[in-house]
Amino acid sequence: MSKPRIGIYGLTSCAGDQLVLLNCEDELLDVLSAVDLRSFVMATSQNPEGELDVAFVEGAVTQDSDLELLRDVRTRSKLLIAIGTCAVWGGIPYLSGRGVPISQHVKVDYSLPGCPIEKKQLLSALSSLIHGDLPLKLPYPVCLECTIRENSCLLQAGEICCGPLTAGGCGARCPSHNRPCLGCRGPSLDPNYQAATKILAKHGYDVEDVHRKLALFSGTNSSKEGRQVG
Amino acid sequence: MSQLLAKTENPYRPVRAKIVDLRDLTPETRLFQVKLVDPKAARDFDYRPGQFCQISALGTGEAPISISSSPTRPGLLEFCIRRVGRTTSALHRLNPNDEVGIRGPYGNGFPVDYMEGKDVLIVAGGVGLAPVRSLLLYILDNRDQFRSVTLLYGARSLEDMLFREELKTLERHPDLNILLTLDSGDTRLWPFRTGLVTSLFEEITVAPKTVAAVCVPPVAYKFVTKGLLDKGISGEDIFMSLERKMHCGIGKCGCCAVGSKYCCQDGPVFTYWDALNLPDMI
Amino acid sequence: MAKIHLDHISRVEGHGALTVTLAEDRIQDVKLNLFEGMRGFESVVLGRSYAEVPAIIERICAICSAGHAVTAHMAVEKAMGIQVTQQTKLLRELAFMGMTIESHALHIFALALPDFLGYAGITDMSVDHPETVRLALEVKKTGNLVQEVVGGRAVHNVNMTIGGFGVLPSKEAVANLREKLSEALEAVDGVVDLLSGLSIPTYQGEPILFKAVKPAEGFGFFGDTVAFSDGTEFPVEAYKTSFHETRIEHSHAKQSTRGGEPFMVGALARINLFGHLLTGKAAEVLRTLSIPVPSTNAIYNNLAQVVELVYALERASAICDRLLTEGIQPEDPVGFEVRPGTGTVATEAPRGTLYHSFSLDEEGRVTAADVITPTALNQASAEKEIALVGKSHFSSGEDRLKELFEVTVRAYDPCISCSVHLIKADGSAKSTLQKKVIG
Amino acid sequence: MKTVVLPRENLEPFLGRIARGHDLIVPKKTGNDVVFDYYQEGCQIALEYRRTLLPPKKFFLPPEEVLFRYKKGQGFTEPEPEVGRRVFFGLHPCDIHALKRLDYVFLEGYVDTYYRRRRERTLIIGLSCLPDDKCFCHSMGTDLVSDGFDLFFTDLGEVYLVEVGSTSGNDLVLTHRDLVSEVVDEAILKEYKTFISTRSDLFVQTLDTSGLSKILTLEWESPFWEKVAQDCLACGRCSMSCPTCYCFSIYDQVNLDSISGERSRSWTSCLYKDYALVAGGHNFRPSRGARLRQRLMHKHKDFFEQQGVSACVGCGRCQANCPAGIDFCQVLTSLRGDISESAVG
Ligand SMILES: Cc1cc2nc3c(=O)[nH]c(=O)nc-3n(C[C@H](O)[C@H](O)[C@H](O)COP(=O)(O)OP(=O)(O)OC[C@H]3O[C@@H](n4cnc5c(N)ncnc54)[C@H](O)[C@@H]3O)c2cc1C
Ligand code: SF4
Ligand code: SF4
Ligand code: SF4
């Protein structure tokens, strides 16, 4: 089996997802030797580009140069993987009225959300892709991992916790630190914004505030649905 | 019936099997001929038409796949596998001599003993031919035990029809009535009908003691069973092989529950009567 | 007229290009174009609750996220007059050190070093120098571990909150961290040897103005006063009048000058201004690397970072020691009342001075927000320096010039996401792309 | 059944000694909650707790576990099974009943070897409890327990009445006979009777289970399911914390070398949208209402039809942990009576 040709690209973002790869200190050299790295401008000045088996794209599309790069990468790649919440949902660039998720412009074969993505998931996705598979999708919201860690529920205690609306995979980092989930991984498979808003309204929150908070990272998705209530 | 693993052994651990041969049946469906690595297991492995195995593409996952071969032809196991997702794609990447993992056989299978001495009507749609092919071959190999045998099979197009060559040969079989239909597409090449498989019901008469074996896509069961009931077949004599999401295949993981039944253990073959009892079965 | 063009500067964070126009006998013009897309952070926080500010602002940049997080918490707390405990301050400083370790290690070893050893990146470098790369990654990992232990995540912390922390690190975690820090300090030795032998390209320097936060005591990254190398000082609150920000055509980041003069911030500025305050191993390394102090050659910024890397490892160790001897008090975040006010804070992020200023109304909603990042501050200085490099090496040919330019830009360790986060989204700036999609 | 008496002050020494020879699991207080966890010397055992967040199942069917590792062409290696005796102290009657329900699932038919090994190496010591407003075990017939434990402690104030439920339990008592007394006198009996009747008076929550499975069958089509589902976050917290929810999914993870990897399983919930989704996009339970219905049907109807007992043991965890405050007892009661009544607290 020949090594898959891989490119790593950033559009408008904080570079956090590319950094997560560089932060895989223990695995980095193994990863790099298991692939044929054809582009990673953040890490190397030798970028032969060309045809790719897998392209990882971080960041939202906020300007024409992003779009140009994205389209070019798409035409050269067999698989295009969106990494990070900006790329998957628009993230914070979406809020500023500037960014859109890359799926609004090109076909995305797999999405790895997270702000930033989780190291463990990145490595497992890379292994799967090298093996020839699309990575698995995690079907559960943050609450599953939170409950398994036996955290007291912050939403029950009246905090605006986005756990039930948010794609799991982070190990419920925030609630495990006694901090409500901000929804940084974007919407789960089946978010019920109406129910969450209703619960929080009962706890005395302003519905508009709740909507804004629930929509912090989920760009296109929740801001619309959440507003149907109240 | 011989299991690959004794009931006291770890039922989640597959046994190794080697791919002997691969044959494309349609652009998405491939016939896998596999042989268990352990010769004794290969010799002893026994199953009933309609049962399935959990096939592993290690590193990717496991999928429940009906056994397409017949226990009357031991040695090799045949599976026809349609490429629809991760695991099935990984299986399609394999070559002869590569290994897969196998667990099983699981499920109840078709009640061949009960079918003996009766007229048998087999209805299949798309990849649904896979499990009933086992039944068909079984019946052919024990032809004298059954009365008339009819196969109604529908596919989307000629391209999507499984076992085209085999069906062509079987068509000439004097003791077998085969009716084929295509949803659409070129039908000139062969005497096909067009229309859904239910449209074939008009062309057959059903004898009083007929049992039906059905495997069609999930959405089609309602129409097919209605057609069979209209033809006068009793609900208890309609045997349907159903699909559900399955992880363990042995009644533990809960994923394939249909009411109080587990598709993997109590099924995948259910009667129309079961479906009446259990609301979201079909 | 000839142009030297670098489309996409590699081995830096974010997207930047460089165009240098050459006249017959001199450098005519230098344009550093930070073309990373804009995200308008200040406009995003407007109208939102104070509590949401840090988590949003820290996303300006991944590499110095902890710096943004700490600074934003301090600024919001200043605005509301919240006093945090000494333990909270120490833990925040610890997280800040973690970031400094990680960021400097990443830049020195993975981004800059390949230039000096003649490689395209860390992968090729690892073929000939496996041990150095292994040690470097070990040091970098320690920086991340610090951030994980204190902040709950290496990039974009989840644990800091207004008034304190969600969960305090356990004694075991801090003790383990302490051990790892010692190992990293040892690992750095080997790398310092390698670095002290590097030859730094020289050129005809010109006096450059430097600027850094004046440390409250000793060497450090926190303080209430900002100092320029010409001897002037000003309180952080007066930042707006102490230098001049202008929007420029060719870059998405604003440019800053003082009286029309560019100035430099970052490790070299700090070492130039306050390096004499260093003690311990950091002071030793400063001598070993023989950085001329003050140095006006930005390439020495790489070495200044090495000194600071050692400082950060030592400082983090000292904080751990203190936490371990005094014991980690099981305290909740301090209570406070929401009240209006403005908080302005400056810290020394890895790349230089970072300003956060937030104004809050009675309900604690943000009415004004301003974030100024080091890379933006450095922009003018970098352009000036490239012109100087060009002048000194004018006759060495286009290829060599190109190389030198890239090395010079890289020496500034630009963090482009940071620098372009900030252009305010006035209505007209709404991206045409988004208009198309959301109507 | 053999009964002995353990003076209250002897409990700690008794457990302390057990901990020396076994892995001892006890209810422990963390913040405002109680969780089951391994005993450490000096740790605070919660003797009067109401309910733990996660039930005992996590020690028999862990939230995540590796089933086996593989290497291409070399077959499969199972993880080394844990060895040694484990003593699980402090299970309330509902949790013991719940384990018996899990036994039906994992030990009948195909034997789940992972579950069996853990079950076989674990002694169960039950502990009596007092209900709060969410417990309804008396309605489910699980408020008392007569088997499924090795020892069962009833807290009678000064002393624990200890029922011996197995030879292993008997061995424990015999080994530590210096700590227990064989004399169960009139006074203790009287206290036991008082305890039982006081306890049964304390129940607030009830569920009328008569004909429940039939009513559920008849209410299959009820629009009420979708109505309740409007408030359901489908977060899965009820499933994770239910002592008898056992659904899991199985998945592979390949290593970077592409030739080795592992197969694992982890908990899942029938409330998740992909739960009954098959290839081709057909979902057998497409709506949130259908999924919520499945959860209740399985507890109170399907399992009952399979095993003759409901899968619900009335521990009250699902209601206690639901962020939306959905109370399944009330949902079921509404279904039985006026279905327009709101089921959400
Ligand atoms: C008893 C039984 C016998 C069977 N026999 C055969 C047989 O003989 N031959 C055969 O080819 N097949 C057979 N099947 C079907 C076969 O098991 C499945 O096709 C196979 O499991 C698919 O696995 P996969 O990993 O390739 O697909 P997956 O990658 O798992 O893709 C399908 C999965 O993707 C998910 N999915 C699908 N669409 C979407 C969507 N739009 N959004 C989100 N998620 C989605 C679903 O969760 C679904 O389970 C049988 C099934 C059963 C139960
Ligand atoms: S704290 Fe948040 S994530 Fe955890 S269970 Fe509650 S709502 Fe879900
Ligand atoms: S808990 Fe929520 S905000 Fe925190 S890391 Fe996970 S998804 Fe992101
Ligand atoms: S359904 Fe609820 S009350 Fe019943 S056993 Fe499960 S968690 Fe306890």
Side-chain angles (χ1 to χ4, degrees), chain B residues 3 5-16 37 54 56-63 82-88 90 98-99 101 106 126-127 217-219 242-263 265-266 277-282, chain D residues 61 67-68 70-78 105-106 108-116 213 217 220-221 245-255 258-263 265 268 270 274-280 282-285 290 293-294 297-298 301-307:
Chain B
Q3 296 281 334
L5 294 160
K7 285 216 166 175
T8 48
E9 286 178 273
N10 182 351
Y12 299 100
R13 194 185 63 225
V15 299
R16 294 161 63 187
V37 169
Q54 285 282 4
S56 289
L58 285 166
T60 311
E62 217 174 18
R82 188 152 63 128
R83 195 179 63 221
V84 294
R86 293 178 82 244
T87 307
T88 48
D98 283 346
E99 279 190 17
Y106 294 137
V127 77
V219 285
L242 298 184
E243 180 174 356
R244 281 296 181 280
K245 175 124 146 202
M246 280 177 196
H247 281 287
C248 73
I250 53 173
K252 309 289 173 215
C253 76
C255 297
C256 70
V258 192
S260 55
K261 308 279 184 196
Y262 281 123
C263 187
Q265 285 280 285
D266 306 307
N277 254 335
L278 298 166
D280 64 350
M281 184 166 269
I282 59 170
Chain D
L61 178 71
L67 296 174
F68 56 78
Y70 75 90
K71 187 152 188 181
K72 223 166 233 167
Q74 294 183 12
F76 312 96
T77 342
E78 286 168 43
V105 177
F106 289 106
E108 311 249 304
Y110 289 89
V111 175
D112 188 299
T113 39
Y114 304 88
Y115 178 89
R116 192 197 59 207
S213 73
T217 310
W220 178 266
E221 304 275 2
C245 271
Y246 53 83
C247 289
F248 58 86
S249 53
I250 299 182
Y251 49 90
D252 283 15
Q253 180 58 57
V254 66
N255 293 336
S258 267
I259 57 160
S260 62
E262 60 192 31
R263 178 165 294 167
R265 66 170 159 193
T268 186
C270 57
D274 76 320
Y275 185 86
L277 184 70
V278 295
H282 186 78
N283 197 331
F284 289 95
R285 290 184 208 106
R293 177 178 64 195
Q294 166 67 19
M297 287 281 172
H298 183 256
K301 172 186 158 297
D302 303 338
F303 197 89
F304 179 81
E305 287 171 2
Q306 287 162 0
Q307 308 288 358

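Values below: all heavy atoms of this structure, side chains included; hydrogens, waters and symmetry mates excluded.
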> Write out all pairs satisfying side chain to side chain donor-acceptor pair (under 3.5 Å) with one or both partners inside residues 247-263 of chain B, taking only residues at least two apart or from two chains.
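Qualifying pairs: B:Ser260-D:Glu305, B:Tyr262-D:Tyr246.
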> Among D:Ile259, D:Asp274, D:Leu61, which residue forms the greatest number of heavy-atom pairs with chain B at distances under 4.5 Å?
D:Asp274
> Against chain B, work out which of D:Phe106, D:Phe303, D:Tyr251 has the most heavy-atom pairs shorter than 4.5 Å and name it.
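Most pairs with chain B among the choices: D:Phe106.
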> Where does B:Ala63 contact chain D at under 4.5 Å (heavy atoms): side chain, backbone, both or neither?
neither
> Heavy-atom pairs under 4.5 Å with chain B - which of D:His282, D:Arg263, D:Gln253, D:Lys301 has more of them than the others?
D:Arg263
> For B:Ser56, which atoms come within 4.5 Å of any heavy atom of chain D: side chain, backbone, both, or neither?
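For B:Ser56, backbone and side chain are both near chain D.
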> Can you sort out the partners of D:Ser260 under side-chain contact (heavy atoms from CB on, under 4.5 Å), two or more places apart, ordered by chain and number?
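Testing D:Ser260 for side-chain contact (heavy atoms from CB on, under 4.5 Å), a comparison that skips the adjacent residues, returns D:Lys71, D:Asn255, D:Asp257.
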> With only heavy atoms counted, which part of B:Glu243 is less than 4.5 Å from chain D, the side chain, the backbone, both or neither?
both
> Can you tell me which portion of D:Tyr115 sits under 4.5 Å from chain B's heavy atoms? Options are side chain, backbone, both or neither.
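Neither part.
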> Below 4.5 Å, heavy-atom pairs only: which of D:Gln294, D:Arg285, D:Gln307 has the largest tally toward chain B?
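Between D:Gln294, D:Arg285, D:Gln307, the count favours D:Arg285.
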> For the pair D:Asp112 and D:Arg265, evaluate salt bridge (Lys or Arg N to Asp or Glu O under 4.0 Å) and give the outcome as yes or no after the intermediate values.
CA-CA 12 Å; D:Asp112 188 299; D:Arg265 66 170 159 193; 2.9 Å; yes
> Counting heavy-atom pairs under 4.5 Å with chain D, which one of B:Cys248, B:Gly101, B:Gly254 comes out on top?
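Highest number of heavy-atom pairs under 4.5 Å: B:Gly254.
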> Hey, does B:Cys263 have a side-chain heavy atom less than 4.5 Å from the side chain of B:Met246?
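A side-chain contact under 4.5 Å exists here.
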> So which part of D:Tyr275 gets closer than 4.5 Å to some heavy atom of chain B, the side chain, the backbone, both or neither?
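Interface part for D:Tyr275: both.
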> Give, for atom OH of D:Tyr110 and atom OH of B:Tyr12, the distance between the pair rounded to the nearest 0.5 Å.
11.5 Å
> Is there a side-chain contact (heavy atoms from CB on, under 4.5 Å) between B:Lys245 and D:Phe284? Walk through the geometry before answering.
CA-CA 9 Å; B:Lys245 175 124 146 202; D:Phe284 289 95; over 6 Å; no
> Can you measure from OH (D:Tyr70) to OG1 (D:Thr77) and round to the nearest 0.5 angstrom?
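The distance works out to 11.5 Å.
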> I need the residue from D:Val254, D:Ile250, D:Thr268 with the largest number of non-hydrogen atom pairs under 4.5 Å to chain B.
D:Ile250
> I need the D:Lys72 NZ to B:Asp98 CG distance, nearest 0.5 Å.
7.0 Å
> Name the option with the most non-hydrogen atom pairs under 4.5 Å to chain B; the candidates are D:Leu67, D:Thr217, D:Val105.
D:Val105
